[in-house]
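Beneath this line is the structure, given in structure tokens, with notes to follow.
In this text the structure is predicted, and so the values were computed from the model without any measurement.
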Amino acid sequence: VIAAAKDSKTGKASFAKLPAALQELATNAQSEFAFTGAAKESLFYRRANAEGYSHVMLIGLGELGKLNGESLRVAGAHIF
């Protein structure tokens, strides 16, 4: 599971430093406008086989400057 916040200036997801294969998945999701990091947003890659992970899920946290405990709770609930 990779969590990302939405950058309000660019409108794109902001990720922490990721290994190369996972970064490629995240970049592809952004370039195809499939994932922006918005709250309650998710994208699931099945059989990704990236860095030894079979399945990879991207979870949006909401706008970067507005993150709080509630946004993390919602993201955690969305994972399950």
TODO: Evaluate the side-chain proximity of Y53 to L22: yes if any heavy-atom separation is below 4.5 Å, no if none is.
DONE: yes

TODO: Please name the pair of heavy atoms, one in S42 and one in H78, separated by the smallest distance, quoted to 0.1 Å.
DONE: OG-NE2, 3.4 Å

Task: Exercise: do Q30 and T36 side chains pair donor with acceptor under 3.5 Å - done: no

Task: Cluster check I59, L43: I/L/V/M/F/W/Y, side chain < 4.5 angstrom - done: no

Task: Interatomic spacing from NZ in K6 to CG in L61 - rounded to 0.5 Å - done: 13.0 Å

Open item on the list: What's the separation between atom CD in E63 and atom OG in S71, rounded to the nearest 0.5 Å?
Closed with: 11.0 Å

- [ ] Please report the shortest heavy-atom distance between G60 and A75, naming the atom on each side.
- [x] O-CB, 4.2 Å

Open item on the list: Could you tell me if the side chain of L72 sits less than 4.5 Å from the side chain of L67, heavy atoms only?
Closed with: no

Open item on the list: Strictly distance-based, threshold 3.5 Å: is any side-chain N or O of E24 a donor or acceptor partner for the main-chain N or O of A20?
Closed with: no

TODO: Please tell me if the side chains of L58 and Y45 come closer than 4.5 Å, counting only heavy atoms from C-beta onward.
DONE: yes

Task: side chain to side chain contact (heavy atoms under 4.5 Å, CB included) against E70, all qualifying residues, sequence neighbours excluded - done: N68, R73, V74

- [ ] State the OG1-NZ distance between T27 and K12, to the nearest 0.5 angstrom.
- [x] 9.0 Å

- [ ] List the atom of Q23, the atom of A16, and the distance in Å for their closest heavy-atom pair.
- [x] OE1-O, 4.3 Å

Open item on the list: Grouping I, L, V, M, F, W and Y whenever their side-chain heavy atoms are under 4.5 Å apart, do F35 and L25 come out in a common cluster?
Closed with: yes

Task: I79 reachable from F44 in the ILVMFWY side-chain graph, under 4.5 Å edges - done: yes

TODO: Applying side chain to side chain contact (heavy atoms under 4.5 Å, CB included), name anything that partners R47, two or more places apart in sequence or on another chain.
DONE: H55

